[in-house]
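Order of the sequence lines sets the chain letters (A, B, ...), proteins ahead of strands, with each chain counted from 1. As the structure is a computational prediction, the values presented were derived from the model and not from experiment.
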Protein chains: 2
Amino acid sequence: MTSIAREDYLKAMWKLGSSNIGTLELANHLKVTPASTTKMILKLSENGLVRHKPYKGASLTEIGLKQALSVVRRHRLLETFLSKTLGLSNESLHVEAERLEHALSKDLENSIAKYLNNPVRDPHGHPIPGPNGEIFNNEDILLSECPISSTIIIRQVPDEDSEILIWLKHNGVSLGQKMYIKSKNNFDDSLVVEINNSLIEISSNMSKLVYVTIE
Amino acid sequence: MTSIAREDYLKAMWKLGSSNIGTLELANHLKVTPASTTKMILKLSENGLVRHKPYKGASLTEIGLKQALSVVRRHRLLETFLSKTLGLSNESLHVEAERLEHALSKDLENSIAKYLNNPVRDPHGHPIPGPNGEIFNNEDILLSECPISSTIIIRQVPDEDSEILIWLKHNGVSLGQKMYIKSKNNFDDSLVVEINNSLIEISSNMSKLVYVTIE
DNA sequence: TAATATTATTAGCCGTGGCTAAACTTTATA
DNA sequence: TATAAAGTTTAGCCACGGCTAATAATATTA
Ligand SMILES: [Mn+2]
Ligand SMILES: [Mn+2]
Ligand SMILES: [Mn+2]
Ligand SMILES: [Mn+2]
């Protein structure tokens, strides 16, 4: 019934948002052809995990959403576990969790959660869904949405692209770090921020991947 | 090229011994039909991992053996890791490792090995093959082969059957435990052994699953 | 040694999850 | 608004790893 491929599709759909997910969009995310994606969407649709309006888009049903969140929970618990025990770098966690997430039994998931004291954030600051899909209510907002002249604290960094993660780390953008937003360049929406008395420029794309809270 | 199924076949063949492995034997071990097994043997044979004489049996090639040992290494490292970190019971380790073993990258394998200080035994006492398949030279012998009136120390217990493991634990047969072999019943080769001043009977089958050293 | 039982292989089927190429919708553009 | 472009689906192929049923080889035993 469930399989690695299906779990990856459900998780990808969850990441891409709640409704009208395009076939191409999903296909690109999973590095698979649109034809394969349509086929899988139909399969998941038959199984009640996905709603599909031909040529219009797809979205997760309640059941599908729950399964997706279960995969996300396993992924983020694993990242947290590997980080804590082995001290793996933030950049290498994601790729490992991406495979292990499909091999975790409910029992082992529970053991790990208990061992970690039921964490609500993973090493990238991402919320870890609870055993029934509950996500704690965080107030994090996108860095790109912050007003100029605000002092902010970094809360979430992306986990998928290790190059981005390395760049962020190298420039002092890590969880808990305070920053001051100096200005925004209107031509490309890039930000100039001050970290530890040094100025760095954060591109618009980058600022849409980082979540913060305003101090 | 590699896959979960293939890794499980190679590992099973390694477990079943070095030569002339029967199709039925392998099929039973993997809970699969003989027809499926023949098919896979042919596939692995084409790929140079297995030698096959039709109707006579199969065995691992050098390359196949190396890959099998790599799976065994991952399996046993995982058992050790989960035991150490999460404190999982010896009975529950195997089934978890059975799935996770296929999702472990070389990097993660190395990290875990380092974290554990390159252990040479897993929680069941089984030798952990090195990164190139080397198995340390242990002197463990089967309990069933021990002479009467010898004092022995338990070195390895089986990992696949949690019921057996629970029985052994319940009767005080655990790693490092000293026992004295009192007698052997000739009619069924069962042993009577003394552990901590109490006598227990160990069946012939059971005594072929436990490795010991003579003190 | 001939019949029988056991073991192994082959043939052919199925579901899964990829792919390409072609057809079809929808959206954008001239 | 007709045409082109972009996005989506369908059709049909493939490898994988299961399965059953039929056949073939080997081992046992009468
Ligand atoms: Mn995955
Ligand atoms: Mn993460
Ligand atoms: Mn396995
Ligand atoms: Mn073991």
Closest listed nucleotide, where the reference is the side chain of A/Thr33 and the choices are C/dT9, C/dC19, D/dG7: C/dC19
Length of the CD-C1' vector between B/Glu46 and D/dA15, whole Å: 12 Å
Separation of D/dG17 C1' from B/Leu26 CG (nearest whole Å): 14 Å
side-chain N/O B/Ser3 vs D/dG17 OP1/OP2, d < 4.0 Å: yes
Of A/Pro54 and B/Ile21, the one whose closest DNA chain C nucleotide lies more 5': B/Ile21
Plane angle bin for B/Phe81 and A/Phe81 - parallel if under 30°, tilted between 30 and 60°, otherwise perpendicular: tilted
Given D/dT20, D/dA25, D/dT8, the nucleotide with the shortest approach to the side chain of B/Ala35: D/dT20
Parallel, tilted or perpendicular: ring planes of B/His75 versus B/His94, cut at 30 and 60 degrees: tilted
Touch class at under 4.0 angstrom, heavy-atom based, for B/Lys43 against every strand present: sugar-phosphate
Whole-Å gap separating P (D/dT10) and NZ (A/Lys39): 12 Å
Closest to side chain of B/Tyr55, choosing from D/dA25, D/dG7, D/dG18: D/dA25
B/Arg76 and B/Glu79 ion-paired at < 4.0 Å: no
Sugar-phosphate only, base, or nothing, as touched by B/Thr23 at under 4.0 Å among non-hydrogen atoms: sugar-phosphate
From C/dT27, D/dG18, D/dT9, nucleotide with atom closest to A/His52 side chain: D/dT9
Polar side chain donor-acceptor pair, A/Arg74 to A/Ser70, under 3.5 angstrom: yes
Atom pair distance, as rounded to whole Å: NZ in B/Lys53 and C1' in C/dA8: 16 Å
Euclidean distance, atom CG of residue A/Leu42 to atom P of D/dT9 [Å, nearest integer]: 7 Å
Euclidean distance, atom CG of residue B/Leu30 to atom C1' of C/dA8 [Å, nearest integer]: 16 Å
Residue pair B/Ser105 / A/Glu96, side-chain donor-acceptor N/O under 3.5 Å: yes
Spacing of A/Asn20 atom CG relative to C/dT27 atom C1', expressed in whole Å: 15 Å
B/Leu24 side chain, from C-beta outward: closest of C/dA8, D/dC19, C/dG18: C/dA8
A/Lys56 vs B/Thr38, nearer the 5' end of DNA chain C by closest nucleotide: B/Thr38
A/Met40 CE to D/dT9 C1', straight-line distance once rounded to whole Å: 16 Å
